[in-house]
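Residue numbering restarts at 1 for every chain, and letters A, B, ... go by the order of the sequence lines. Keep in mind the model is a prediction, meaning the values are calculated, not measured.
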There are 2 protein chains.
Amino acid sequence: MAPINRPEKARTSTFLPAGHDHIQCQRQALRAAEQQCQLDKVRLTPLRREVLELIWQNHRPVKAYDLLDRLKVNHPGAVPTTVYRALDFLLEHDLVHRLQSLNAFIGCGTPGDPHRGQFLICRQCGTVAELQNTDLHQQITEQAAGLGFQVDNETIEIFGACADCQRT
Amino acid sequence: MAPINRPEKARTSTFLPAGHDHIQCQRQALRAAEQQCQLDKVRLTPLRREVLELIWQNHRPVKAYDLLDRLKVNHPGAVPTTVYRALDFLLEHDLVHRLQSLNAFIGCGTPGDPHRGQFLICRQCGTVAELQNTDLHQQITEQAAGLGFQVDNETIEIFGACADCQRT
DNA sequence: AAGTATAACGTTATAATGTTACGTTTTTCT
DNA sequence: AGAAAAACGTAACATTATAACGTTATACTT
Ligand SMILES: [Zn+2]
Ligand SMILES: [Zn+2]
Ligand SMILES: [Zn+2]
Ligand SMILES: [Zn+2]
């Protein structure tokens, strides 16, 4: 009997990719960002790239002023505007998302596919997973349309406990 | 042939209740709040009541410091803590909601029924409608559960153009 | 009714988050 | 090379929110 060999790709986003090579993950995110910027003909300058790299150091939301502190290490003289300008760029080009409930930012796993994210946020460990539930989006759009409302942007941020943290 | 007489009550929440008696609407909201507080055995003090009344002056989100300015009229000596403490109380008892994307607050139309709101927010006129789409809630909870995530709170804020503002 | 505990509020200071305005440098385009 | 636009530096400031501590009002017990 042939062993069942589930292809990795068949899994849709899990909350925390188990046993996940984050160095690789971060590297890939930066590569994807570079490619996307080339396509869009916009400039991922060293400063912007460095901010994006800092954001991708983990899967937890980062606050602007934390980012600023970390940016200062390689970049003394950085001030709030420095960070906010980079963030504005990254947001505008869908390389990061803003988590409104946290005043924080997180890397986007699927740039190039314009979307406002849907997020699961673990209260305990702070890990965030981004969903892409088109049914959900659809349902919202339809209900809104039923009320004569035309949607142009949605913020969906779900708090709770991730699988790991529930065991605690 | 008898005229069709659609009962008003059959309509579920519209975006902006057409030709709506807001004085009455505000009064009713305050009465509901009083009742709810009695039930919960908590105190809707004059200060808290006044803040709630200010919040209910319209169906648009209010910012804390605007609230503060307006509160000062009848209540000189009010300071940020004054407002934030009242807001904390009102939030805790589900008499108002916080709109995370706006750092603003809005009265809750259905206190006593614990829920995190789903909001439609018109970018142009600023009017907000609160939805109670249980299917939506259900769908989110289920998808999260599928990822081992246990939901305890959701923020859903949808921006766009309301029916009135689309005509412009 | 007096005494005690708790909740609400006053007061001051400060922290955290985000923006404006303006000038200089770098990059792009002709 | 020269002009235009984008990116960045710099300083000041605006907005949003909380901490800490003391006082007053309310509720609860005896
Ligand atoms: Zn990773
Ligand atoms: Zn967790
Ligand atoms: Zn009304
Ligand atoms: Zn409108």
Any donor-acceptor N or O pair under 3.5 Å, side chains Q143(B), N133(A):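 On atom types as modelled, these side chains qualify, holding a pair under 3.5 Å.
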Results of side chain to side chain donor-acceptor pair (under 3.5 Å) for T110(B) - residues two or more places apart only: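 Result, side chain to side chain donor-acceptor pair (under 3.5 Å) vs T110(B): Q132(B).
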Qualifying side-chain hydrogen bond (donor to acceptor under 3.5 Å, both in side chains) pairs with a residue from residues 72-92 of chain B, counting only residues at least two apart or across chains: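 Applying side-chain hydrogen bond (donor to acceptor under 3.5 Å, both in side chains) to every pair that reaches into residues 72-92 of chain B, excluding sequence neighbours, yields E50(B)-N74(B).
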Residues in side chain to side chain contact (heavy atoms under 4.5 Å, CB included) contact with Q57(B), at least two apart in sequence or another chain: Q26(B), L54(B), R70(B)
Position toward the 5' end of DNA chain C (nearest nucleotide), F89(B) or D66(A):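 It is F89(B) whose nearest nucleotide is closer to the 5' end.
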Of G77(B) and R85(A), the one whose closest DNA chain C nucleotide lies more 5':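 Comparing both residues, the 5'-ward one is G77(B).
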No-H, no-angle donor-acceptor pair, Y65(B) side chain to dA14(D) base, under 3.5 Å: no
All ring pair (Phe, Tyr, Trp, His ring centres under 6.0 Å) counterparts of F159(B), not counting sequence neighbours: none
H137(A): ring pair (Phe, Tyr, Trp, His ring centres under 6.0 Å) partners, not counting sequence neighbours: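 None.
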Close approaches to DNA chain C from residues 35-55 of chain B, in residue order (heavy atom, under 4.0 Å):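 Output list: R43(B), T45(B), L47(B), R48(B).
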Without decimals, in angstroms, what is the distance between [X] [atom1] and [N] [atom2]?
X: D69(B); N: dT16(D); atom1: CG; atom2: C1'; answer: 13 Å
X: N103(A); N: dT16(D); atom1: CG; atom2: C1'; answer: 9 Å
X: Q100(B); N: dT16(D); atom1: CD; atom2: P; answer: 14 Å
X: L102(A); N: dT16(D); atom1: CG; atom2: C1'; answer: 16 Å

Going by the rule salt bridge (charged side-chain N to carboxylate O under 4.0 Å, His left out), which residues pair with [X] if we only count those two or more places apart in sequence or in a different chain?
X: D69(B); result: none
X: R167(A); result: D164(A)
X: R123(A); result: D152(B)
X: E34(B); result: R49(B)

N or O in side chain of Y84(B) less than 4.0 angstrom from dA17(D) OP1/OP2: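 So the side chain of Y84(B) is within the cut-off, an N or O lying under 4.0 Å from OP1 or OP2 of dA17(D).
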Inter-axis angle, terminal five-pair segments of the helix from dA1(C)-dT30(D) to dT30(C)-dA1(D) [nearest 10°]: 40°
Where chain B begins and ends its contact with DNA chain C, read 5' to 3' at 4.0 Å from heavy atoms: dA8(C) to dT12(C)
Geometric class of the W56(A)/H59(A) ring pair [parallel <30°, tilted 30-60°, perpendicular >60°]: perpendicular
